[in-house]
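Below is one structure, written out as structure tokens; comments come after it.
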Amino acid sequence: MMNVQNIAKDVGVSSEELIEILQDIEIEVGGPEAELTADQISAVCDELGYATIDEARADNAPAEEAEAPAEPEPAPEAAAPAEEAEAVEEPVAPAAEAASEAKPAGDPSLIELKKPKVIVKDFAELMGMKPNQVIAELMKMNVFASINAEIDIKIAKEIGEKHGFTVRKEEKKKAPPPQLKAKRVQVKVADQAPDAPDTMMIRPPVVTFMGHVDHGKTSLLDKVRNTKVTAGESGGITQHIGAYSVEINDHKITFLDTPGHAAFTAMRARGANMTDIAVLVVAADDGVMPQTIEAIKHAKAAGVCTIIAMNKMDLRSANPERLKQQLQENDVMVEDWGGSIGCVPVSAETGEGIDSLLERILLEAEMLELKANPNKPASGYVVEAQMEPGMGPTASVLVKGGTLKLGDSVICGKYWGRIKALISDQGKKVRSVGPSTAVKILGLTNVPGAGDEFQVLSSDREAKAISEELQMEDRAQTLQGGVAPKKMSLDDLFGSGETEEKKELKVIIKADVQGSVEAIEHSLSGIKSDKVEVNIITNDVGNITVNDVMLASASEAVILGFHTGKENGANATAKREGVEIRLYSIIYELIEDVASAMKGLLDPELREQVIGSAEIREVFELSKKSKIAGCMVMSGRISAKANVRIKRGRTVLFEGSIGSLKRFQNEATEVRQGQECGIRPNNFTNFEAGDEIEAYIVEKITQEL
């Protein structure tokens, strides 16, 4: 902890100024001796544009010497003549060197200040004016300051606006390590760059088994493995890497070990959409169970192809027709009943239907036209990772594109490594693997997380540099509380149409009883619109769970709870994942909020309204760069906040905003019909007497559903 006085010295402001800054960011302190916590110091640095207090300290150490007292100049006269005060806007020869320090080359009207205060003399030089002109402006604002006095950035902004300048605090960002930013961009581009059609080759499908507990997922996987995996492994022992491949009719299929619904969704929430086909295993004797319904919802939310495997067909109690009816009740239409989802009867006990299931998977894969480019640096996802005795950090990865080779330098999650060994699902060491193949890699510096992305880079140095930056960012986020930005919020959606192109509102509904769920679903379906629709990801009875939050995170949905609560851990997970949870006790409020959010998804209509016009009677030339149009308002009103169109006949000379609007010598917010005024358009001087100025405003009108 540090006290206010010391922090003020480090960030280059006075104690009084720092206390004002703390009040602005809602931190109350008792005085200069008050101590601030690390979080409060971080907030101060962020407000002043510094990444850390060390950066602020380093930035202001030499600055103290550089800011030597300026050469004394004669004090300005206390009272300037009225003519001189009126000529404030006349720019004189600008101090080019001072201006170049604060003005970007691309925008001469922009002034960026390093500190929240600026010396009058320096500010005058940045605007190309004499100091006594700035002092005269300050006197009009009842601010009495000498040539070497400091003025606040808020006052500087007001003076700058009068003279066509935009004054703001300079944004300081933490400088990345040399060449690091470009390399990170290259990694992303390499991962996202589209492949040429002639480089794409057919790849094996990646399949995940899902379903209710004890419905035979593991037994079915074991049966497939034991019957189809090539024999001849050392001692009959198979290396477990979380995924394996089988061959049928010279075609390969990659199976992921069942991760469980929560892990399946957690991987999707991280962006790891590994699965191409989901096989929903349902016991023919038990029928559809709660976890079966959950698996259906997760598969639908993932948007993956689904196949139903009716297991335990060897039992006498098997009832496939009842099972198909239950599936239909949950919006799963199988082919036998006129739908499009394949339904294959199998038995993990006897092996019945295994070949038919694999053939169906190959058929679906052929229809999906799964392709990848094997001739590029590999990229993919981590299936599982662990620290193994004698091996160190290991990760089972699934290659989605490219070819992974021995000796490659990889960035895996936020860690890097040079691949020392590749171990196949059969426990054999291999030298390279292609797309849709799972392999265990050795040589990482630490254990990555399940679902993390990996990418092959050109060198160890590049991989190490990016890894260090990613770890640094992760630490910074942890210090800030590890809160993810909200992925979807109803408040944001109310006015998001102008930036968002989404025309679908995704929601998850949880209620106290089934009747409430049905009532809410019916009410939401009653909101008719051809422009936007509500997509109910899932609806269920009970409290909001962590699994609901993870599903909402993966699907970018909002959770709506009606007469229900949150289970332990749901709040913390929602905060971490950036998911919004809304709880309601009145159904009409829920429906109104959803309808408003749907309207917010639509682009607002922009409607122009002319509010007045004025005729230019005389042009007052203050300088080559500054002219005032002396006008008579002919109709309506001219507002300082309105946009203007300057026309000569039918030709539009200028369209933009008003820089300054005056009535006599005073700034005016509005001038009405029959009154005279002075108008200075922003960055435009090519107007003449007789031109017409048309004032208008643009209204944003929310579209109706």
Side-chain angles (χ1 to χ4, degrees), residues 202-212 215-230 243-259 264 273-288 292 295-296 298-300 302-315 318-328 330-372 398 435-438:
I202 295 173
R203 65 172 177 85
V206 180
V207 182
T208 299
F209 278 31
M210 302 175 72
H212 191 72
H215 275 203
K217 298 187 299 293
T218 306
S219 302
L220 199 56
L221 277 167
D222 289 342
K223 194 68 177 179
V224 171
R225 180 177 182 78
N226 294 333
T227 56
K228 294 297 174 185
V229 173
T230 306
Y244 57 86
S245 298
V246 303
E247 283 193 15
I248 176 172
N249 301 333
D250 297 326
H251 293 285
K252 187 184 288 186
I253 303 173
T254 299
F255 287 94
L256 287 181
D257 275 7
T258 308
F264 179 83
N273 293 316
M274 298 189 232
T275 305
D276 300 313
I277 299 172
V279 175
L280 183 62
V281 181
V282 191
D285 58 337
D286 278 352
V288 173
T292 310
I296 292 170
H298 283 249
K300 281 185 177 179
V304 297
C305 174
T306 306
I307 299 172
I308 306 296
M310 293 191 297
N311 195 21
K312 303 186 181 180
M313 288 296 290
D314 55 303
L315 299 178
N319 190 342
E321 293 305 314
R322 180 173 63 93
L323 172 56
K324 291 173 185 177
Q325 182 179 349
Q326 291 174 334
L327 289 170
Q328 184 185 19
N330 288 279
D331 296 327
V332 178
M333 291 291 290
V334 298
E335 287 179 338
D336 293 351
W337 286 39
S340 59
I341 297 176
C343 185
V344 182
V346 295
S347 171
E349 187 69 27
T350 64
E352 175 194 349
I354 297 292
D355 288 340
S356 299
L357 177 62
L358 297 176
E359 287 170 2
R360 179 68 194 208
I361 291 171
L362 290 175
L363 176 63
E364 295 287 356
E366 187 178 344
M367 294 173 66
L368 290 171
E369 295 183 349
L370 304 170
K371 292 184 178 181
L398 179 69
S436 292
T437 306

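None of the values given here were measured: they were computed from a predicted structure.
Here CG of Leu280 is found 11.5 Å from CG of Asn311. Values are rounded to the nearest 0.5 Å. With rounding to the nearest 0.5 Å, the separation of CZ in Phe255 from OG1 in Thr275 is 12.0 Å. Taking CD1 of Ile296 as the start and CD1 of Ile341 as the end, the distance is 8.0 Å to the nearest 0.5 Å. In this structure, CD1 in Ile361 is found 13.5 Å from NE2 in His251, a value given to the nearest 0.5 Å.
Residues passing the salt bridge (Lys or Arg N to Asp or Glu O under 4.0 Å) test with Glu369, sequence neighbours excluded: none. The side chain to side chain contact (heavy atoms under 4.5 Å, CB included) check on Gln328 picks up Met333, Trp337, with sequence neighbours excluded. Applying the side-chain hydrogen bond (donor to acceptor under 3.5 Å, both in side chains) rule to Thr350 yields the partners Ser347; only residues at least two apart in sequence or on another chain are considered.
Counting all heavy atoms, side chain and backbone alike, Arg322 lies closest to Ala284 at NH2-O, 4.3 Å. Residue Gln326 comes nearest to Gly287 through the heavy atom pair OE1-CA, 3.2 Å, listed as atom of the first residue, atom of the second, then distance. Of all the heavy atoms in Met313 and Pro320, the pair that sits closest is CE-CG, 4.1 Å. Contact record, Pro204 with Pro435: CD-O, 3.8 Å, taken as the closest heavy-atom pair. Across Lys371 and Arg203, no two heavy atoms sit closer than the pair O-NE, 3.8 Å. Nearest heavy-atom pair across Asp276 and Leu368 is O-CD1, 4.1 Å.
Side-chain contact check for Leu220 versus Ile354: some heavy-atom pair is nearer than 4.5 Å. Using a 4.5 Å cut-off on side-chain heavy atoms (C-beta onward), Thr292 and Asp286 make no contact. Within the 4.5 Å cutoff, no side-chain heavy atoms of Leu370 are placed close to those of Ser436. With a 4.5 Å cut-off on side-chain heavy atoms, Ile253 and Pro205 count as touching. By the 4.5 Å heavy-atom criterion applied to side chains, Val304 and Met210 are not counted as neighbours.
Counting heavy atoms of neighbouring residues, nucleotides and ligands inside a 6.0 Å radius, atom CD of Glu366 does not exceed 12 of them. Counting non-hydrogen atoms of other residues, nucleotides and ligands closer than 6.0 Å to CG of Leu363 gives a total above 12.
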Walk me through it: do Met310 and Cys343 pass the test side chain to side chain contact (heavy atoms under 4.5 Å, CB included)?
-> CA-CA 7 Å; Met310 293 191 297; Cys343 185; 3.6 Å; yes

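The side chain to side chain contact (heavy atoms under 4.5 Å, CB included) test with Leu357 singles out one residue from Val346, Leu362, Val207, and that residue is Val346.
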